[in-house]
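Within every chain, numbering begins at 1; the chains are lettered A, B, ... in the order of the sequence lines, protein sequences first and strands thereafter.
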Amino acid sequence: MVQPELNSAEGNGPPLTRLARHAMATRFEIALVGDRPEALRAAGEEALDEIERMERRLSRFRPDSDLFRVNARAAREPVRVDPPMLRFLRAMRDLTEETGGCFDITAGPLAALWRRAGEEGRLPEEAELEAAREACGWANVELDEADRIVRFRHPLTSLDAGAVGKGWALEECAWLLREAGVENALLHGGTSSVLAMGQPPDQEAWRVAVAPPAGEREGQPLSLVGLRDQTLSVSAVWGRHYSVGGFEWGHVIHPATGRPAADTRLAAVVLPGAAAAGDAFSTALLAGGRGLAEILAVKHPEMGVLLLEPGPRSPWRFHWSEVGEA
Amino acid sequence: MTKPTSASFNRRDFLKTGSLGALGVLFNGLEATPLAAAGYEPAQRVFDGPPVACAVIGTGLWGRELIGFLDRTPGASLHTVCDHYPAFLRRGAALAPQAKAVEDYRRVVEDAEVDAVFVATPTHQHREITVAALEAGKHVYCEAPLAHTVADARAIAAAAKAAAPAKLFQAGLQMRSEPQNHHVMTFVRTGALGSLAMARSQVHRKESWRRPAPNREREEVVNWRLNREISTGLLGEWGIHHLDTVRWLAGGRPKAVSAFGGVTQWHDGRDVADTTQAVFEFPNEIAYNLSCSLANSFEGSYDVIFGGDSAILLRGTQAWMFREADAPLLGWEVYARRDQFLNDTGISLVADATQLLAQGIDPATHAAEAESPVFHAVSDFIAAIHDGEPPAAGYAEGFEATVLALKANEALLTGKRVELRDEWFNLS
């Protein structure tokens, strides 16, 4: 959980221009630094509009979204997508490879199976698991990049961008803000994705608190970080918990094994620049834990990771810098 | 014909019978399966003959929406994108990497390879570009309102009329292409509303309506909507689509319009109202209230038409009918899906409901892919060019809607009721 502190009361700088909007089933907020509030607001609104546009691309629930259209048709006929959608799918495929399969937007059928079985009070049968597993995986998704065509090789293949939509949207927002001349701003989507451009007035960095899972540590933050041209992404285990014959599971299913993952309760990732990769990494770390963090660090030496593991242990920190005691 | 019983559409049974139940999708809060996965095949047009080579002039937000749709519209190809502002042209070109990108609209109009032109520039720039394109023998899709003055709108309509029927002109009144609205029209035509009483629309969204710019000069240009001298205001830019929908469904042309409004929220020195109300006086004592506001988002945008037997609510691509307790039975409503709205029960008016039911598909549990009305408008335009058919909304409809919107804005600016004279709408 993230609670960005958006008070510049300490500094002598001008007040922040703040905007907010509801999208992707959460609340997005943008705080902009500068001395022309109308112009800043205009830039912020353009960015917020882009978030809504992104939802119309990536929501698997909305019947008017590009992703809905792809999921509905690609198994039966080639579906043409526009350049931003193609770029998104390519990036998602690359992220699956980079995370060793711990992050995978094609793993929807497996997640749906475990969810349905849990609601019916039973474990999935091997045959069902096999059938769902066959529908997952990027081998089932054919991307013709020259003609921008998507095809599914399996009738039950289905893409779910829920874990990464906010981060992807925030990255677009930052681009738009920069084009409008904004250098310093804090953007966040609900409690899971934060993007810090530059710094707030009279401070070194944007101060952001990482809150513990609901009901824990009496609401005291797990950590306080200072972000400057960086992103913070937090993923946590939440939602329905199922229990059958002593075997428990939640919503996190390891895409590569097809089975529930119980390694990590919360994963926070700080990266320079790109927000979408952060969302994918924090999601992947719930399944892949410390081992995955160490692998990712090889290619991303500036990445910081904080993991909350089962039991009363204190959080595991890996290249994690903090600004305050937590 | 056997009638479906409610027992055959138990949601849980539906999900269990198909292995396709694994494709859980939430639609209006229900787990629903995409229609296509259930074997439903909506009609897809296939065209003989070469695709219509299209150019989009004006690649701001709206132009880029059009580019996105054209990219996957059957029977069309994206030939050129055009904008005189380099940063916008770059954004447009990024969406259409295979198309030419030019800054001067004249190069588009003079290009013999271009068959059709989409004009998505600021409203006050429509006339010059649209007339040039029509005179150069292009089919033209021009965004609504057609222009910011009646004189300019008349010039566009005259050029379109001169080019017809060989060349097609479609006005950007996309709600005329929305299949759901055609579906609603059948209920209106069969008298399901009873005797018409009144109508109301609101277009409410909290935003400043300002656009960003990297420098002061560009700021002036890009904020044409906030320039009282050239802007058609909220009534023109937002209201026109709703007033056209109601005008189309209710029939008859208003005799007069009054309007009120001002700046209630965005006190940034602007003199274009951020909250407006217009009242159109339709024949037979029917009043239509159109409310447009930048101040508040509650309930967003919708239209309601009220009659003695029922009211119809149109919201986005959905519609519902609310029957009075003493309204005569229609028969089909017994099998229709109902949605609860606070104290009222609305009968969902779903296009193709009978077809779906005949195939054993429950429209309540299957989400049809929905395309935006603009997608349908673009598809209709391209299809009309191929088929040689009249457009969804032609120059006459575009002209009339534009004049109504401009006169409403005039009523707002002058504070006076405007009587709408028949000769204003005469295009001969």
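With a 4.5 angstrom heavy-atom cutoff, A:V182 does not touch chain B via any of its atoms. Residue A:R87: no heavy atom, backbone or side chain, is found under 4.5 Å from chain B. Contacts of B:W266 with chain A are made by side-chain atoms alone, with heavy-atom separations under 4.5 Å and no backbone atom involved. Neither the backbone nor the side chain of B:R270 comes within contact range of chain A, judged by heavy atoms closer than 4.5 Å. B:R64 does not touch chain A: none of its heavy atoms, backbone or side chain, sits under 4.5 Å away. In this structure, chain A has a heavy atom under 4.5 Å from the side chain of B:L61, while its backbone stays farther away. Residue contact with chain B, scored on non-hydrogen atoms closer than 4.5 Å, is absent for A:E128. Of the two parts of B:R91, only the side chain, counted from C-beta on, holds a non-hydrogen atom closer than 4.5 Å to a non-hydrogen atom of chain A.
When each of B:A94, B:P97, B:S208 is scored by its heavy-atom pairs under 4.5 Å with chain A, the top score falls to B:S208. In terms of heavy-atom pairs under 4.5 angstrom with chain B, the leader among A:R41, A:R69, A:E38 is A:R69.
Annotation: cation-pi pair A:R56/A:F61 absent, no NZ/CZ under 6.0 Å from the ring centroid and within 45° of its normal. For the pair A:R93 and A:F88, the NZ or CZ position fails the cation-pi test of under 6.0 Å to the six-membered ring centre and within 45 degrees of the ring normal.
B:D274 and B:T264 are linked by a side-chain donor-acceptor pair at a separation below 3.5 angstrom, with hydrogens and angles left out of the test. When only modelled atom types and interatomic distance are considered, A:H188 and A:E29 share a side-chain donor-acceptor pair under 3.5 Å. Side-chain contact, A:R148 with B:Q98: a donor N or O sits under 3.5 Å from an acceptor N or O.
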Residue pair A:R21, A:E52: steps toward the salt bridge (Lys or Arg N to Asp or Glu O under 4.0 Å) verdict: CA-CA 9 Å; A:R21 206 171 288 172; A:E52 291 179 356; 3.5 Å; yes
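For the pair A:E130 and A:R133, the salt-bridge criterion is met [side-chain N within less than 4.0 Å of a carboxylate O].
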